[in-house]
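Just below is one structure, and these are the notes that go with it.
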Amino acid sequence: MVIKLVTFDALHTLITPRSPVYVQYSDIFAPFLGLLTPRAIERSFKASLKQVQKDKPAYGAQLGAHEWWSEVIKGTAIGAGANPQAVETFLKEIVSQLMDRFSSSQGYRLFDDSLPVLRQFQDMNVRTALISNSDARMRLVLADLGISSFLHPLVLSEEEGVEKPDCRDISADLWESP
């Protein structure tokens, strides 16, 4: 059997946060909301993310990633003990900074073996693609990290309106892409 296509996920497969997400949130929150412990942020982030994912899967379709993440960030800050009025006052700036950070190599890094593996598949004439429950910012991250040219297509749940493991409509994208 000849392998023609290998698909990857992005997060925790090819890339990983530069430092834990809750630490990066803590860094951004601090100037606006005061010190919130990273552990409180970690617990609150997990709960907020889970709730928003349940209520609005695939980035809420018409809602869009920015508003979707705004809800996660707001829930994270308040759940970690931030003053709700301060969160409302500074939410726009906090969201902007976090969205920027997690749109680039500032928020993420490649695993050491990611680029060598992608190059090896390229040398073997095996196509590689990405299927990820990510929003469109993942395109910016992968480009900034220098690997987007290895992955065709990039199938992102925000753009497809569906999340893994429900991939019924995704397989056609993989085979139709050059």
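Computed from a prediction, not measured in an experiment: that's the story for all the values here.
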I'd like to know if the side chain of [X] reaches the main chain of [Y], judged simply by a donor and an acceptor atom lying under 3.5 Å from each other, with no hydrogens or angles considered.
X: Arg43; Y: Ala80; result: no
X: Ser44; Y: Ala40; result: no
X: Thr76; Y: Val72; result: yes
X: Glu158; Y: Ser134; result: no

[X] vs [Y] side-chain heavy atoms within contact, under 4.5 Å:
X: Arg109; Y: Ile15; answer: no
X: Leu145; Y: Val141; answer: yes
X: Phe8; Y: Val6; answer: yes
X: Asp9; Y: Leu130; answer: no
X: Arg127; Y: Pro153; answer: yes
X: Leu33; Y: Val87; answer: yes
X: Ile28; Y: Arg101; answer: yes

Item to check | Residues Glu88, Lys74: salt bridge by 4.0 Å N-O rule | outcome: yes
Next on the checklist: Using side-chain contact (heavy atoms from CB on, under 4.5 Å), reason through Leu98 and Ile73 one step at a time and then give a plain yes or no.
Outcome noted: CA-CA 9 Å; Leu98 284 168; Ile73 292 164; 3.8 Å; yes
Next on the checklist: Checking Thr128 against Gln122 for the side-chain contact (heavy atoms from CB on, under 4.5 Å) test, could you report, in this order, the C-alpha distance in whole Å, the side-chain angles of both residues, the deciding distance, and whether it holds?
Outcome noted: CA-CA 8 Å; Thr128 54; Gln122 184 180 49; over 6 Å; no
Next on the checklist: Per the ring-ring contact (aromatic ring centres under 6.0 Å, His included) rule, what does the pair list look like for residues 105-138, sequence neighbours excluded?
Outcome noted: Phe102-Tyr108
Checklist entry - Lys56 and Glu71: salt bridge (charged side-chain N to carboxylate O under 4.0 Å, His left out), yes or no, with the steps? => result CA-CA 10 Å; Lys56 299 169 182 164; Glu71 289 188 28; 2.6 Å; yes
Checklist entry - Side chains of Asp135 and Trp68: donor-acceptor distance under 3.5 Å anywhere? => result no
Item to check | Arg39 and Tyr22: side chain donor to acceptor below 3.5 Å | outcome: yes
Checklist entry - Can you check side-chain contact (heavy atoms from CB on, under 4.5 Å) on Leu14 and Ile147, steps first, answer last? => result CA-CA 9 Å; Leu14 295 172; Ile147 63 168; 4.2 Å; yes
Find the distance between [atom1] ([X]) and [atom2] ([Y]) and round it off to the nearest 0.5 Å.
X: Leu36; Y: Ile78; atom1: CG; atom2: CD1; answer: 11.0 Å
X: Lys92; Y: Gln97; atom1: NZ; atom2: CD; answer: 13.0 Å
X: Ser103; Y: Met138; atom1: OG; atom2: CE; answer: 9.5 Å
X: Ser104; Y: Leu142; atom1: OG; atom2: CG; answer: 12.0 Å
X: Ile131; Y: Thr7; atom1: CD1; atom2: OG1; answer: 4.5 Å
X: Asp27; Y: Ser19; atom1: CG; atom2: OG; answer: 6.5 Å

Next on the checklist: List the residues meeting salt bridge (Lys or Arg N to Asp or Glu O under 4.0 Å) with Lys46, not counting sequence neighbours, and say none if there are none.
Outcome noted: Glu42
